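In what follows, a single structure is set out as structure tokens and then discussed.
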Amino acid sequence: MLGAEEMTAIWLSLRVALVATLVALPLAIWIAYLLARKTFPGKQLLNGVVHLPLVLPPVVTGYLLLVVFGTQAPVGRFLSETMGVTFAFRWTGAALAAGIMAFPLMVRAIRLGIEAVDPGLEEAAETLGSTRTRVFRTITLPLVLPGVFAGAVLGFAKALGEFGATITFVAAIPGETQTIPTAIYGLLQVPGSEPAVVGLVSVSIALAMGALLVSEWLARRMAKKLGRA
Amino acid sequence: MLGAEEMTAIWLSLRVALVATLVALPLAIWIAYLLARKTFPGKQLLNGVVHLPLVLPPVVTGYLLLVVFGTQAPVGRFLSETMGVTFAFRWTGAALAAGIMAFPLMVRAIRLGIEAVDPGLEEAAETLGSTRTRVFRTITLPLVLPGVFAGAVLGFAKALGEFGATITFVAAIPGETQTIPTAIYGLLQVPGSEPAVVGLVSVSIALAMGALLVSEWLARRMAKKLGRA
Amino acid sequence: DVLVFAAASLKGPLDEIAAQFDDVTVSYAGSGTIARQVSLGAPADVVILANAVWMEVLIEGRHVIPESVKDVASNRLIVIGAAGSGELALTEKAFVERLGDGRLAVGLTDAVPAGIYARASLEALGLWGAVSDRLAEVDNVRAVVALVARGQAPLGITYRTDADVSDAVEEVAAFPAESHSPIRYTAAITPSDNPDTAAFLQFLSSDEGQAHLTAAGFLPPQPEPID
Amino acid sequence: MIEVTVKKALGQFNLDARFSAPQGVTALFGPSGSGKTSLINMIAGLNVPDSGRIDVDGTCLYDSTTGRSLPVRKRRVGYVFQEARLFPHLTVLRNLRYGGTHDEAQVIKLLGLSDLRDRMPANLSGGERQRVALGRALMCDPQILLMDEPLAALDAPRKAEILPYLARLRDEVSVPIIYVSHDMSEVAQLATTLVVMESGRVVASGPLAQVLSDPAIVPLVGVRSAGAVINATVSGRLLDDGLTEVAFSGGRLLLPGNFGSLGQKMRLRIPAQDVILARSRPEGISALNVLPVVVKAIEQGKGPGVAVRLQAGDDMLLARITKRSAGRMQLARGQQIFAIIKATAVGREDISL
Amino acid sequence: MIEVTVKKALGQFNLDARFSAPQGVTALFGPSGSGKTSLINMIAGLNVPDSGRIDVDGTCLYDSTTGRSLPVRKRRVGYVFQEARLFPHLTVLRNLRYGGTHDEAQVIKLLGLSDLRDRMPANLSGGERQRVALGRALMCDPQILLMDEPLAALDAPRKAEILPYLARLRDEVSVPIIYVSHDMSEVAQLATTLVVMESGRVVASGPLAQVLSDPAIVPLVGVRSAGAVINATVSGRLLDDGLTEVAFSGGRLLLPGNFGSLGQKMRLRIPAQDVILARSRPEGISALNVLPVVVKAIEQGKGPGVAVRLQAGDDMLLARITKRSAGRMQLARGQQIFAIIKATAVGREDISL
Ligand SMILES: Nc1ncnc2c1ncn2[C@@H]1O[C@H](COP(=O)(O)OP(=O)(O)OP(=O)(O)O)[C@@H](O)[C@H]1O
Ligand SMILES: Nc1ncnc2c1ncn2[C@@H]1O[C@H](COP(=O)(O)OP(=O)(O)OP(=O)(O)O)[C@@H](O)[C@H]1O
Ligand code: MOO
Ligand SMILES: [Mg+2]
Ligand SMILES: [Mg+2]
């Protein structure tokens, strides 16, 4: 039922979604922390920008990605010249698109987690001589892990399902950028391709469920440790 | 810059996103509560189903909706015959699609909020003779409001931006189902329509930013009341 | 009221045509999407697809009245490049040279009509082998234009009607019409028994209707292919 | 009447407690970590025992043999938690009214809450928070009141203010109270029954006076906590001196302050360490109260102290003196001696009306 | 040396406090809601005053005129919070070590934490939690220790166990301690300086003995809290009787228990209410300590009591007797009388080595 091309798409999707989630996670944590705990000029603007990929039709986001990260675009050229990172028609570009689309979901989940941490504990850690960085690393972050897991699983699921921005930005090159959703889209355009679609959809669901179960398990273990369960 | 058709799309989008968010919210709160506080057989399955719209390419979700809620489909026919509600190719269907796509985001945000509420407070309320329902209504829910606001604003933003499932399920009928994102899709086909696209994108952003600001303001007011700010 | 479900690429001229009537509403989407919607009970009175295969599916499923199916326009498949990049010869050498280490943007070659035509032409011209692993396949012809316009891909294959969408691209070559099966935009009436549909279809085929289409770059319907 | 028999394993810790207590205030006394909170959580229904049975006033709240376990909200417990647990989103007044508005005006007045009514819990000090929690529990008109060190965060004057209200509650409303405390003068003033816990077990329980005058309990409750509790009647008032005279079976005592009304019954704790013994009636001393007593028993403690039970009329007093004094005075059973009780030694906190 | 002058408006509440305290333990005493926690939060840097200045041992922590405000982590305060604030995701041991491992073994031993080492905070009882919080603050080797009712949740034996450690800390490590407490015997044992607060203002402050022997302060701190504090030396041991003899300028006292070593200096609080006065040396009584004293002053209190300052050698004692007794004994300045101090009245909690 699943041909070689589909198998390639599955592996690629998995890699794209994992990389997107893992790379975006630290940044999401940082932004979430800023939004939850700091006040600074332009905070609401940052908040708005983070939410943009959610509001805009994915095609528009894909187009904006082209404008910013395309080979001819300043940022894209700068990155490729200085760091050798190119996004155009590469799986890295697919990961970028997926990461950006997943970003608002991750930030929001983590932010809610941070807001739930008693600032009194951070104060206590500070009185014990900890720098802000250490307080964050040793107190805030561990206590926010449930939120981080939630954010990661939401992000991963979204990254697995992302279609519009990805295909617009990096097209669907088998083995390089053709993920499960683009494969499904292609199949859907052809009459009678339903069985193959069902196969790919099932794989997507299985992957996301797997991630979900792992994150729930981690969160439960965590809660148990904190004596909440 | 924005013609009559675009204005119609804006109003429709607003209505669709609002209705989707408001109707989905109570259900999202209920499901989030189940997932946060209860253990029951099939919990992980429910959790998985809630996340599905995130994982599946929107087009697939759209088709599934068409298959389930279409005029010819059993559920669709049942609903229209018994309750007079038809979804297929109606704005209600656009709201349904938007609501379903936004649902996982809402549930997750609210669930994180619920998990942050000290169960000790609910215990205290119970010892004071409250039923579970009253405890939920008077203690849990108000304390979860920041999470509910977060969920609502995420859901609203997502509902504003939803494209794939909407166009697949209810097409893009001007005045009935053509929302901002589907209008943008149409405009992109026409030479010289960039100003209109930019206009619609700006309106989307403005609407989402408005919702964001309102929710942040509500959350801040709430936090202040709780003495956390 | 007449509700028309039409291929998105027709939006420009079809909006103009619909504006001639008080009661015609057009919903645009991809041909595959429209076909599936109509086969699942969409309330469309008229269907206009850019994809003959999907029209066959609708005919077979009795979702459209077979006798009403009618060609309304045709199109040309062309190669686009960045504005000012100059004529391109339809030879392997020219393609390889122009592409450099870039990619050729096309619609999905086994799913999107424009992509399917592109593959047929490339095969017919013996270019397929040279470019088949250099493709950037996208879901939509507009994305092809965007990729070329943003300089992401040096060349792309689209309909002639799409080249106008962006000033940043220009037509650099046109595929011979016989290098692929005819590009057919076919219209049909659904069994909705709406009496007003006839007038609309008629107008579409009228000189005035056709004028709107040709002004947007579409070609008149091609004669029936000889099987 | 409260009857509790429960077993429960909590991690490493094993709770295996059994006690029964009549009407009134049952004090749960024991070192930190001895299982007091765990035990009252089971009574409240917040924690389910592994096995056992819990009855309050004839109502079975829990019985592992029948599987009965009344839901928390139906147990009608007024629970004052160790950490207040105020609802952070409600004003003080709305917190108070959450479980009911029983006796509202009186509760607010007695707990000094009227100025706090519109405050949010986050802006309250630790002690204010605990007072509100106490008020909230009282206002729900509970059938049993569970208090987990409710006064620990309060200062002495506030404590002294609230305690009489609790005592009145005990006497008038006849709601059974289980009271966890580390402060024996609190306990002595309120409790009818004392349950002493250690490492999850009940090591002593019974009527307060009996448990407290048992020398074996002294190391468990602390030297300062032992002392007899007697019933007396307000019998006179020395307005000029600001003293009140009370009568009990063993004689009359002058106590500092104006309290009670003539003829009013009261309860009085006389801490064992504040009783001095003399072989002959001493003259020219500042202590106002000298009572003739008979030595009934001399019980050797573990440390340098000796507990002397004294009969004064029909009541028993307890004196804690050093072994050395006992030796020097040649104390013996049946001896007729004098007990000197300093008026100021009986603090306001040892008197309950 | 701590010098604090701060003003801050907190909603309706106005804090306007000024005090300075020398080396040692400064007790902050005052009713619930008087601003004690708010004040030490400012010292810790968790709360920024509206204006004022805070100096600790020559280091300026805060000065509104120069805009200086040292960040919290650089203030090196060991803060024991009213609500413990343990890190819920770390074991007890990792909580303890969070700020440092100063004196680890000793701290763990003295606070009885060794069995709790691997527990998670959620599984600790209220008292256990507070002990861990105390240990954590001590182990970060603070330059100033802020304790907000750290012992309120502990039972008497635990308190008695921990207090000497705090006293040693004060004497040996010479880290200034600010200690909020409702328990005067705790305060008296530890404090060198007493700061009494009411409604956000400092209403009395100064050396402990001086403040405590001021009759005007009695209503603020409670009757039981007044009493002299004297310095004495361990001078003998009556092993058979389990008594220890201590000498001070006014004579010798026998106290219950074996404590200290011969020649060791110690501090002793003699609660005013536990001193009985006699015109002639009483015979045949159980109180072991009878000291000749001279009446130096008789100060009339508001209530039924009279505070009598007594000179015993070079030290001052304080007795609190009733007006009536004072009248009957015809007490007068300069009179030579006897003070009777019951050995068991001086509790272990009133002695600090
Ligand atoms: N869920 C649990 N898992 C493991 N140990 C537990 C758990 N709950 C309580 N304990 C342990 O049970 C013992 C009794 O705790 P409890 O809170 O009942 O004590 P307590 O007498 O109320 O103490 P305190 O006076 O300090 O409040 C403690 O040693 C505590 O560590
Ligand atoms: N943010 C605030 N807004 C309004 N009032 C406040 C705020 N913070 C504290 N207060 C008030 O300031 C007063 C002092 O509070 P604080 O916590 O310092 O008292 P405290 O002396 O520590 O009391 P306790 O002994 O009960 O802990 C209280 O009346 C409190 O209600
Ligand atoms: O008619 Mo389309 O937009 O190429 O599918
Ligand atoms: Mg407890
Ligand atoms: Mg306080």
Side-chain angles (χ1 to χ4, degrees), chain D residues 10-11 30-33 37 82-83 123 125-128 131 149 152-158 182 222-225 238 240-243 254 256-257 273-274 276-280 282-288 303-305 319-327 329 340 342-345 347-348, chain E residues 10-11 30-33 37 82-83 123-128 131 149 152-158 182 222-224 238 240-243 254 256-257 273-274 276-280 282-288 303-305 319-327 329 340 342-345 347-348:
Chain D
L10 286 163
S32 174
T37 299
Q82 222 167 350
E83 344 75 77
N123 300 336
S125 75
E128 287 165 343
R131 269 149 57 205
E149 309 190 35
L154 300 191
D155 50 298
R158 273 295 173 206
H182 286 132
V223 176
R224 295 226 151 195
S225 303
L238 300 167
D240 278 356
D241 296 323
L243 298 174
L254 284 171
Q273 63 173 4
D274 290 329
I276 294 177
L277 302 180
R279 301 204 47 161
S280 54
E283 299 296 333
I285 67 164
S286 65
L288 290 173
R320 206 180 126 74
I321 63 172
T322 58
K323 258 185 244 177
R324 186 182 174 87
S325 299
M329 288 175 72
I340 306 168
K342 210 180 167 226
T344 56
R348 194 67 188 74
Chain E
L10 287 162
S32 175
T37 300
Q82 224 166 347
E83 345 76 78
N123 300 336
L124 299 178
S125 75
E128 289 166 341
R131 269 150 58 205
E149 309 190 36
L154 301 191
D155 50 298
R158 277 292 175 207
H182 286 132
V223 177
R224 295 225 150 193
L238 300 167
D240 278 357
D241 296 323
L243 298 174
L254 282 173
Q273 63 174 4
D274 290 330
I276 293 177
L277 303 180
R279 302 201 49 161
S280 56
E283 298 297 331
I285 67 162
S286 65
L288 289 173
R320 208 180 126 73
I321 63 175
T322 58
K323 258 186 244 177
R324 183 180 174 85
S325 298
M329 289 176 70
I340 305 168
K342 207 180 167 222
T344 57
R348 193 66 189 74

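To find a chain, count down the sequence lines: A is the first, B the second, and so on, and within it residues start at 1. Since the structure is predicted, the reported quantities are computational estimates derived from the model, not experimental observations.
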| task | Please examine the side chains of E283(E) and S280(D), heavy atoms only from C-beta on, and report whether any two atoms are closer than 4.5 Å. | result | no
| message | One pair to check against side chain to side chain contact (heavy atoms under 4.5 Å, CB included): L254(E) and T322(D). What are the steps and the verdict? | response | CA-CA 10 Å; L254(E) 282 173; T322(D) 58; over 6 Å; no
| Which pair of non-hydrogen atoms, one from S32(D) and one from E128(E), has the smallest distance, and what is that distance? | OG-N, 3.1 Å
| said: Just verifying a value: how many Å separate R324(E) CZ and L238(D) CG, rounded to the nearest 0.5 Å? | reply: 5.0 Å
| request: Return the set of residues passing side-chain hydrogen bond (donor to acceptor under 3.5 Å, both in side chains) with R279(D) (not counting sequence neighbours), or none when no residue passes. | output: none
| said: Less than 4.5 Å to any heavy atom of chain D: does that hold for the side chain of E83(E), its backbone, both, or neither? | reply: neither
| message | Report which part of S125(E) has an atom under 4.5 Å of a heavy atom belonging to chain D: side chain, backbone, both, or neither. | response | side chain
